[in-house]
Amino acid sequence: MSWQNLESVSGLSAIVQASGGRPQLIFKHSTRCGISAGAKRRLDAGIADLAAQLDLHYLDLIAHRDISAAIAEQFSVRHESPQVLLIQNGSSILDLSHYSIEVDRILAGVKSDG
């Protein structure tokens with residue numbers, strides 16, 4: 001399993017819709033930030049565990065600032081970089097940024113009741 005690139009606002013709508021059946025993870029990554037690179041390495045190290053429970057979406061913030069703004073508005077979260085949002089049943093149920101982005105924290109946030 002690899003990351004699915006999020007490259008359009010319509011892609012965001014598809015993620016929200018899909019979250020009704022399976023949790024979705026959005027990773028907002030700044031390709032110019034060392035902290036963001038570290039967060040991506042941590043996520044990649046646990047990608048098999050993540051992919052077993054979630055669909056994984058990657059947003060390049062430098063290339064797609066408009067989508068990042070749409071995410072902030074859609075889920076009423078403050079824009080941060082790096083940032084992960086766990087989307088389930090159309091809502092953001094977990095929002096982590098910077099050094100708090102850890103595979104175990106994400107997996108603990110998945111609601112088993114769907």
Side-chain angles (χ1 to χ4, degrees):
M1 174 68 190
S2 61
W3 294 99
Q4 300 171 43
N5 289 328
L6 174 54
E7 298 178 328
S8 69
V9 175
S10 64
L12 177 59
S13 297
I15 289 169
V16 171
Q17 185 173 353
S19 75
R22 179 171 163 93
Q24 307 289 305
L25 185 76
I26 300 172
F27 173 51
K28 295 170 49 179
H29 176 54
S30 171
T31 56
R32 298 178 186 161
C33 173
I35 295 171
S36 194
K40 177 123 179 8
R41 281 191 298 275
R42 290 192 302 277
L43 293 173
D44 285 342
I47 200 161
D49 292 333
L50 291 170
Q53 294 192 44
L54 312 162
D55 290 339
L56 307 173
H57 305 277
Y58 170 91
L59 175 63
D60 178 341
L61 290 174
I62 304 302
H64 300 287
R65 292 186 186 275
D66 59 325
I67 302 170
S68 180
I71 289 169
E73 183 176 335
Q74 169 104 22
F75 299 111
S76 300
V77 296
R78 184 175 148 221
H79 163 77
E80 297 190 73
S81 171
Q83 184 176 33
V84 295
L85 287 95
L86 179 56
I87 312 301
Q88 196 162 2
N89 295 322
S91 298
S92 175
I93 62 168
L94 183 68
D95 172 13
L96 302 172
S97 67
H98 296 82
Y99 297 107
S100 66
I101 297 173
E102 297 174 357
V103 171
D104 290 345
R105 290 185 76 176
I106 294 166
L107 294 175
V110 177
K111 293 182 181 177
S112 60
D113 63 349

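Owing to the predicted nature of the structure, the values given are computational and were not obtained by experimental measurement.
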Original post:
Please walk me through it: do Ser36 and Thr31 pass side chain to side chain contact (heavy atoms under 4.5 Å, CB included)?
Top reply: CA-CA 7 Å; Ser36 194; Thr31 56; over 6 Å; no
**OP:** Any chance you could lay out the side chain to side chain contact (heavy atoms under 4.5 Å, CB included) test for Asp55 and Gln4, step after step, and finish with the verdict?
**Re:** CA-CA 8 Å; Asp55 290 339; Gln4 300 171 43; 4.3 Å; yes
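Panel note: side chain His57, backbone Asn5; no donor-acceptor pair is recorded below 3.5 Å. Although no hydrogens or angles enter the test, the distance criterion places no donor-acceptor pair under 3.5 Å between the side chain of Glu80 and the main chain of Asp95. The backbone N or O of Val16 sits less than 3.5 Å from a side-chain atom of Ser19, completing a donor-acceptor pair.
Connection of Ile87 to Leu59 is established within a shared hydrophobic cluster, with ILVMFWY side chains joined at heavy-atom distances below 4.5 Å, either directly or through further cluster members. A continuous path of Ile, Leu, Val, Met, Phe, Trp and Tyr side chains, each step under 4.5 Å between heavy atoms, connects Tyr58 with Leu50, placing both in one hydrophobic cluster. Cluster annotation: Trp3 is connected to Leu86 through the hydrophobic network of ILVMFWY side chains, with a link wherever side-chain heavy atoms come within less than 4.5 Å. Tracing side-chain contacts under 4.5 Å through hydrophobic residues (I, L, V, M, F, W, Y), one never reaches Leu25 starting from Leu6; they form parts of separate clusters. Linking Ile, Leu, Val, Met, Phe, Trp and Tyr residues whenever their side-chain heavy atoms come within less than 4.5 Å places Val110 and Leu96 in a single cluster.
Counting all heavy atoms, side chain and backbone alike, Val103 lies closest to Leu43 at CG2-CA, 4.1 Å. Of all heavy-atom pairs spanning His79 and Ala72, the tightest one is N-CB, 4.5 Å. In plain terms, the two heavy atoms of Gly109 and Ile93 that are nearest each other are O-CD1, 3.3 Å. The two atoms that bring Phe27 and Pro82 nearest to each other are CE1-CB, 3.9 Å, heavy atoms only.
Rounding to the nearest 0.5 angstrom, the gap separating the CD atom in Glu7 from the CD1 atom in Ile67 is 7.5 Å. The CG atom of Leu12 sits 12.5 Å away from the NE2 atom of His64 when rounded to the nearest 0.5 Å. Annotation: the span from Leu94 atom CG to Ser100 atom OG amounts to 8.5 Å, rounded to 0.5 Å. The structure places CD1 of Ile26 at 4.5 Å from CD1 of Ile15, a figure rounded to the nearest 0.5 Å. For the atom pair SG of Cys33 and CG of Leu61, the computed distance is 9.5 Å after rounding to the nearest 0.5 Å. Atom CD of Gln24 sits about 8.0 Å away from atom CG of Leu54, to the nearest 0.5 Å.
Within 6.0 Å of atom CD in Gln53, more than 12 heavy atoms from other residues, nucleotides or ligands are found, so the atom counts as buried in its surroundings.
The side chain to side chain contact (heavy atoms under 4.5 Å, CB included) test with Lys28 singles out one residue from Val84, Val77, Ile71, and that residue is Ile71. For the salt bridge (Lys or Arg N to Asp or Glu O under 4.0 Å) with Asp44, the qualifying choice from Arg41, Arg42, Lys40 is Lys40, the only one to do so.
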